[in-house]
Every structure is written in C-alpha cells, then in structure tokens.
Engineer: 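After the structure tokens below, expect a handful of questions from me.
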Amino acid sequence: METLFTLSFLTLIYGLAFLSLVPEKYIKKLSHVFHHKQVPEYRKFSLEGSIFLCFLFGYMCASAMTYFFI
C-alpha cells in the first residue's frame with residue numbers, strides 16, 4: 001500500500017513538473033485542429049496530448065525512483 005501511494009504521489013509530482021516546463025508554443029503545435037481555420041477559437045488548443053505525455057514521463061520517472069529506492 002505504501003508503494004502504491006508513493007508511486008501515485010511521485011507520478012503526480014513529476015507529471016506536474018514536466019507539465020510546467022512545456023511551453024505554450026509546443027502545446028499549440030500538438031493541437032490537431034489548430035491548422036483548420038474554420039474551427040472556433042476555443043477549440044484550437046488540444047491539451048490532451050501534452051498532458052498525457054507529461055504524466056507518462058512522470059510515471060516513468062516515478063516508477064524508476066520507486067523501483068530503485070524502495
């Protein structure tokens with residue numbers, strides 16, 4: 001139970017840390033609807049890709065830390 005809590009807590013910390021490092025220009029480039037001009041302005045930003053990748057990298061770092069140090 002302690003290992004699961006540690007893994008989830010470290011995943012959250014590392015995921016948010018990586019998410020804070022992603023610039024806004026890169027988030028705009030990840031959007032698949034950004035290049036279509038007839039889409040409303042509020043739908044041009046797709047954050048799912050960047051959030052998923054940041055938390056995936058966070059999970060990988062957290063699992064490595066949990067594996068090697070606990």
Side-chain angles (χ1 to χ4, degrees):
M1 192 67 177
E2 296 163 352
T3 306
L4 181 64
F5 176 74
T6 303
L7 181 64
S8 62
F9 190 66
L10 285 176
T11 301
L12 181 69
I13 289 172
Y14 286 132
L16 290 175
F18 288 138
L19 191 60
S20 70
L21 297 176
V22 176
E24 187 178 348
K25 290 189 294 185
Y26 184 67
I27 291 174
K28 288 180 185 178
K29 288 181 183 179
L30 278 178
S31 175
H32 64 285
V33 296
F34 182 69
H35 300 290
H36 301 303
K37 300 299 179 194
Q38 299 167 355
V39 177
E41 191 69 31
Y42 68 92
R43 296 193 68 201
K44 287 186 180 180
F45 299 102
S46 176
L47 298 176
E48 296 95 19
S50 61
I51 290 173
F52 174 74
L53 289 176
C54 288
F55 279 101
L56 180 67
F57 292 143
Y59 175 74
M60 290 189 320
C61 289
S63 62
M65 295 293 267
T66 305
Y67 179 75
F68 288 120
F69 293 113
I70 291 183

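Just so it is clear, the values below take in all heavy atoms, side chains as well, and ignore hydrogens, waters and symmetry mates.
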Engineer: Which distance, rounded to the nearest 0.5 Å, do you find between the CZ of Phe9 and the OH of Tyr14?
Structural biologist: 11.0 Å
Engineer: Please report the interatomic distance CG(Leu10) to CZ(Phe5), rounded to the nearest 0.5 Å.
Structural biologist: 9.5 Å
Engineer: Is it the case that over 12 heavy atoms from other parts of the model lie below 6.0 angstrom from the OH atom of Tyr59?
Structural biologist: no
Engineer: Measure the CG-CG distance between Leu21 and Leu16 for me, rounded to the nearest 0.5 Å.
Structural biologist: 11.0 Å
Engineer: Can you tell me how far CG of Leu7 sits from CD of Glu2, rounded to the nearest 0.5 angstrom?
Structural biologist: 13.5 Å
Engineer: Hydrophobic cluster mates of Leu4, side-chain heavy atoms under 4.5 angstrom, ILVMFWY only, any path?
Structural biologist: none
Engineer: Side-chain heavy atoms under 4.5 angstrom apart, residues restricted to Ile, Leu, Val, Met, Phe, Trp, Tyr: same cluster for Met65 and Ile13?
Structural biologist: no
